[in-house]
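For reference, the structure discussed in these notes is given below.
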Amino acid sequence: MNKLIIDGAEYQAQDDQTILDVCRQNGIEIPTLCYHPAMEPYGACRLCTVEVIRHGWSNLHTACTHPAWDGLEVKTQSPAVYDVRRTLMGLFLSRCPHVPVIQNLARQYGVTEPPFATDDPDQKCILCGLCVRVCNDLVKANVINFSDRGIDRQVGPPFLEKTRDCIGCGACTIVCPTGAIDIVLEEAGVYAEKPLGPTAAIYVPSLQAVPRVPVIDTDSCIRFRQQDRSNGKIADACGVCQTLCEANAIDFDQQDEILDLTVGSVIVATGFEMWDPKKLSQYSYGRSPHIITGMEFERLSNAGGPTGGQILLSDGSKPKRVAIIHCVGSRDHNAHAYCSRICCMYSLKHAHLVRDKTGAEVYEFYMDMRAFGKGYEEFYERVQEEGVTMVRGRGAVVDVLPNGKLRVKGEDADLGKLLAVDVDMVVLSTAIEAPHDADKISALFGLGRTADGWFAEAHPKLRPVETNTDGVFLAGCAQGPKDVPDTVAHAGAASAAVLGLLDRGEVVIAPTVAEVNRDDCVGCGDCLLVCPYTAITRVEGKAQINAALCKGCGTCVATCPSGAIMALHFTDDQIVAQIDGVLAWA
Amino acid sequence: MADLYRADVLISCLHGQSADLAPTFRQEIERRGMAGEVRVVETGCRGFCSVGPVVSIQPDGEFYVNVQPADVPEIVEETLVKGRPVQRLTYKEPTTRKSITKYDDIPFYGKQMRIVFRNTGLIDPQSIDEYIAVGGYEALGKVLTSMTPEEVIEEVKKSGLRGRGGAGFRTGRKWESTRKAKGDVKYVIANGDEGDPGAFMDRSLMEGDPHAVLEGMAIAGFAVGANQGYVYVRDEYPLAVKNLNLAIQQAHEYGLLGEDILGSGFAFDIGIVRGAGAFVCGESSALMQSLEGKVGEPRSKHVHATDRGLWDRPSCLNNVETLANIPVIMLRGAEWFASIGTENSKGTKGFCLVGKIRNPGLIEVPMGMTLKEIIYDIGGGPPRGRKVKAVQTGGPSGGCIPTSRLDLAVDYETLSQAGSMMGSGGMIALDDRTCMVDISRFFLEFLKDESCGKCAPCREGIKRMLEILTAISNGDAKMGDIDTLETLAKTVQAASLCGLGKSAPNPVLSTLQYFRQEYEQHITEKFCPSGVCRSLVAYVVVDDKCKGCGLCIKVCSQESIAGSAKQPHVIDQATCIQCGACFDACRFDAIQVIPRSQVELLPKQEVHA
Ligand SMILES: Cc1cc2nc3c(=O)[nH]c(=O)nc-3n(C[C@H](O)[C@H](O)[C@H](O)COP(=O)(O)OP(=O)(O)OC[C@H]3O[C@@H](n4cnc5c(N)ncnc54)[C@H](O)[C@@H]3O)c2cc1C
Ligand SMILES: Cc1cc2nc3c(=O)[nH]c(=O)nc-3n(C[C@H](O)[C@H](O)[C@H](O)COP(=O)(O)O)c2cc1C
Ligand code: SF4
Ligand code: FES
């Protein structure tokens, strides 16, 4: 353990620590521009200069590179230090007069105006080399480097030309202290899906996540991307999270696991997906960053979202007028005929949030307000009292005006007039629909679906959570649109049904099930395809029927080309005998 | 064994016009049927650049200067056949015009002491036999057979040898740290980057006596425990690369490099790496980056290269001149070496003496010689009619020492205390026609181009200092600018990452220290007394001194001077570009430099063509 004196007080340091490390650890402020904890110190900006006294000799050194040796005395605020930093900030400010970080630092050292003539007022790069180092040392993409020498030095890709080697990871933009690098999305593939800004590659899924631990999105994680891109050749890119994680909890080797579980019952709660409003062009979705769906609004207003919960336009300003359009894609024969049920209430919630967070004027275009639940009507009234303008009538068209504003046209049915409102932001309360892969789930469990695509319950009134496949239950929006209270109630019912089965420990089945004569079965598999209850599987090349699932419908019996299946209690012999009996009697 | 010859013709100066000399000599000797008796040897530099190419005939030592191919038949006829000197080609003492026939009698050489350059110009650098004949590799033999590494280090420490690359670090200490550093693999690196413009000591050594460098490296390798050495040579020195390569090959053939040298069990090999020629690549951490194949850019080095250098292994980096001293020290002993020089600076130092001086060239003098002796006795003083104003030492980032202090002894400490430095041995005599603002600007211009640009103070600071100096010499500066300049200079000095930036302000700071009033004159009077800063000056004829000789009319490239014979001439201010050629040419001091602002006050003169 090394002991050193910093600004008159004694501190302890490890052998591998620098003076800057010790200062940071103890809250002693030292300005830096070229330092980043994830990378080797570089010593280029010289702003972290401090006075180091060793063996009686005083010298200026950079804190980021100087080891915290035993017996050093360090002064972080001496006049010599101040003078150097002041002159340096003068040089930086003259180079980059309009960069806020530089302006603020310069002001701390009493420099408010650039002391020298500025060559390029748009210059933002201070040549700290962080982007170069992150790109080469961490990302290992080797795309950005220095070119030229001395005052002509600059950073950029080879020959300052666009390069396909850039993986667009954005690491350089993140480490750049002055915001000198922009990422231009040419093929916005990845981000088109997330117009409200990419999330980090490692993130806590939601603030309420259980367990609340971060996950790595391997599609955007630099390490995984570099490995995929180079066929495994670049296996050690980035890893910043691992370097910085004090708990040593990052394990890149963790793999997705496929678990085989044997269970007695299944609750299908696959929920809903958002319908894509691009399918109806009158809403102009995708033509302006300010036309967003209800789901995107949720993200924008979320404290964990890109703006920390503030409702902002893309330029960072607050909207002054917002329109919310109900029933986008719902109750519309060009999209979904059904009512999505949840949108009225969430739209009211959105209206309330806009009023509350921005004070903007809100126009709510609705056909009729479906405030069906407990306390919902009261909420509707409250939102009206908050000054939201309710326009009864479908918001029919959204136009993007040349000045970037949005014009919503629709009919005010109460006034019987056509109406046009110019707003800054439009929130489309889009329909919800069955997930795109619902057909796969349906085939897997033998579930029926109603005409609108949701999974069919066994009986709309009497068996709302059961399905036609025994042991398979539905919960939530999988069965049809529901808000959270209804979803929870529905899910409670499904759980109770499952618990009933578990509690009994056994199931009672009708004796009329099909059975395979293994000697006759040729293993053609035709029966597997026709069984509506997914009761047949292939075991050792032959069909086998799960008696618990079989409803004894007989479809397989009729289908089997080798006549290898018979329905117990309805064997051919029995039926023929019955027919004979009937005929004999006649 | 080499054949015996009656005489050797040594041709020095392997550059420029001398290329045809050797073939011409060989042809002529062949023609006279003396091919078996007389040998023609192309040797390295003799340092006497003002009179090159030079030819000397051994064993008698006739010394001919400015020799052209056309002179060859006469030299062969007179000296080689008849044994008489060719008076026409001998060196003439500048003041007395007395002819000096023998090398040893020439004052340029008389005051010098040749230890490092003991062989350059005297032996054929491409022949290991000649090197061995003058005692080469004897030191290596002695070290390997009779000394321990610790004894070698002790000897070097006792000799007081300090790094000739500029910083003057004690060589023995550096070797000791490298020896003590942990690690199985260590390296010895010879720094032959020599980035100072105008310096060519290291080049002369590598070209003219490559084996001395290799021998020094092998001894260093033995002392520090390294089996591999590298010579980092500037790519602009192809002959050095060629001669070093040849020397390495020959040393291998003689078993003086490679496995089990001289049966001692010690193995040492040397590789040559050609540098891309950036000034900053001479800096140790940049050099090692460059050796590793990376961009030659300095790194912060709180851990010394002796502990973690090339490929993070202990590395001992020495300048080639430092290394060339080693064999002599080993042979003649530390006491002998330590008896030369001053208290803290031992031995000799090579300098490239240039500038406004009669005998420019490469010289080697004992440490402690005064600047005055060097400039006047060896250099022959300034040309006719000029006065020495200052001496610039230490290369581009050195400093200027005024005439008043020319009695300073040349050693590491004295020069740094005077605001300059030893550097790698540049020495430029500046005369009264040199403007100190302009000279700072000149060096800063070089340093601006050579700054690697990594660290902010050096990159941005030099640019701003240069802007201020330019403003001063253009007459656009205000008084406060000198303070700003000084603040900048001190920050760049204190805060830069590597030696380049730390020493870059030296030209500014030293001229400010000694010639501040000249800076102020530029600002307050808008006048450059040396006549260099063109926007501030005008050249006029002083009527009562002008003899009307017309010399100035001849030298003026702008045809701006008119006047008839024996009548005072007139300079047309409208077309004059203030180049000062007339001023330099006039033998009667009849041209005067005046502030530009006074031109309007001049009586209107008619200019007659
Ligand atoms: C914009 C908006 C705002 C809303 N605001 C409110 C509100 O304020 N209050 C309120 O009560 N309700 C609100 N709702 C409704 C609420 O979101 C739903 O009631 C609720 O999400 C339904 O829950 P769920 O579990 O049925 O389905 P979901 O929330 O859709 O969950 C289904 C889950 O199953 C997963 N899944 C799908 N397929 C598979 C598969 N094959 N294998 C494994 N997993 C699968 C999905 O990834 C998803 O995580 C809002 C809805 C929207 C669109
Ligand atoms: C900018 C810069 C340029 C340098 N150039 C050279 C050079 O060309 N040759 C050299 O030997 N040393 C040069 N040096 C000094 C080296 O860094 C190093 O100190 C030296 O080679 C060590 O050898 P020595 O101890 O034998 O002098 C330079 C230093 C700096 C800061
Ligand atoms: S001082 Fe100059 S040359 Fe040295 S690192 Fe800084 S910018 Fe590069
Ligand atoms: S932070 Fe230390 S030099 Fe830039």
Side-chain angles (χ1 to χ4, degrees), chain A residues 18-19 33-34 40-52 54 58-69 72 80-96 114-117 119 126-129 132 136 145-155, chain B residues 276-281 285-286 294-303 307 444-468 470-471 476 480-481 483-498 500-502 504-505:
Chain A
T18 62
I19 295 179
L33 280 171
C34 72
E40 288 283 304
Y42 189 56
C45 74
R46 317 304 286 172
L47 200 60
C48 66
T49 294
V50 293
E51 197 173 331
V52 178
R54 186 163 184 244
S58 161
N59 263 314
L60 296 180
H61 287 288
T62 41
C64 69
T65 56
H66 200 293
W69 282 323
L72 291 188
V81 169
Y82 185 87
D83 286 351
V84 161
R85 292 192 193 153
R86 180 188 159 90
T87 311
L88 280 175
M89 284 322 302
L91 290 169
F92 279 128
L93 190 63
S94 306
R95 181 185 172 92
C96 309
F116 305 103
D119 294 334
I126 52 161
L127 297 166
C128 66
V132 173
N136 292 272
N145 218 322
F146 292 112
S147 55
D148 262 324
R149 260 207 300 226
I151 194 72
D152 299 325
R153 188 175 170 102
Q154 52 186 331
V155 292
Chain B
F279 179 59
V280 77
C281 284
S285 63
K294 302 178 187 150
V295 179
E297 219 166 63
R299 285 188 293 187
S300 283
K301 37 177 187 194
H302 301 288
V303 178
D307 280 316
L444 252 63
E445 193 82 57
F446 172 84
L447 293 164
K448 185 193 94 180
D449 290 342
E450 293 298 330
S451 159
C452 76
K454 174 174 175 176
C455 77
C458 171
R459 180 186 66 233
E460 309 284 331
I462 294 181
K463 170 190 158 79
R464 298 307 182 181
M465 288 195 279
L466 193 56
E467 281 173 4
I468 297 179
T470 309
D476 297 333
D481 289 350
D483 295 332
T484 312
L485 182 65
E486 208 164 10
T487 312
L488 269 176
K490 288 189 172 144
T491 303
V492 176
Q493 191 173 50
S496 288
L497 193 164
C498 83
L500 190 151
K502 284 184 193 304

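Computed from a predicted model, the values in this text were never measured in an experiment. In the text below, chain A, chain B and the rest are named by the order of the sequence lines, each starting its count at 1.
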Show your working on salt bridge (Lys or Arg N to Asp or Glu O under 4.0 Å) between R46(A) and E460(B) and close with a plain yes or no.
CA-CA 12 Å; R46(A) 317 304 286 172; E460(B) 309 284 331; over 6 Å; no
Derivation and outcome, side-chain contact (heavy atoms from CB on, under 4.5 Å), residues K454(B) and F146(A):
CA-CA 9 Å; K454(B) 174 174 175 176; F146(A) 292 112; over 6 Å; no
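Interface remark: of the candidates T487(B), I468(B), V295(B), L488(B), L488(B) forms the most heavy-atom pairs closer than 4.5 Å to chain A. Your options are T87(A), L60(A), D83(A), and the one with the most heavy-atom pairs under 4.5 Å with chain B is T87(A). For chain B, the option among I126(A), L88(A), T62(A), L127(A) with the highest count of heavy-atom pairs below 4.5 Å is L127(A).
Rounded to the nearest 0.5 Å, atoms SG (C458(B)) and CD1 (I151(A)) are 9.5 Å apart.
Between H66(A) and H302(B), the ring planes lie tilted relative to each other; the angle falls in the 30° to 60° range.
Looking at R464(B), its side chain does come within 3.5 Å of a backbone N or O of A117(A) through a donor-acceptor pair. Listed for the R149(A) side chain is no donor-acceptor partner under 3.5 Å among the backbone atoms of G453(B).
Residue L33(A): no heavy atom, backbone or side chain, is found under 4.5 Å from chain B. In this structure, the portion of F92(A) lying under 4.5 Å from any heavy atom of chain B is its side chain and not its backbone.
Residues S300(B) and G43(A) share a closest heavy-atom pair of OG-CA, 4.4 Å. Nearest heavy atoms, C45(A) versus P457(B): O-CD, 4.4 Å.
E40(A) is linked by a salt bridge (Lys or Arg N to Asp or Glu O under 4.0 Å) to nothing, counting only residues two or more places apart in sequence or in another chain. Judged as a side chain to side chain contact (heavy atoms under 4.5 Å, CB included), and not counting sequence neighbours, the contacts of D119(A) are K463(B).
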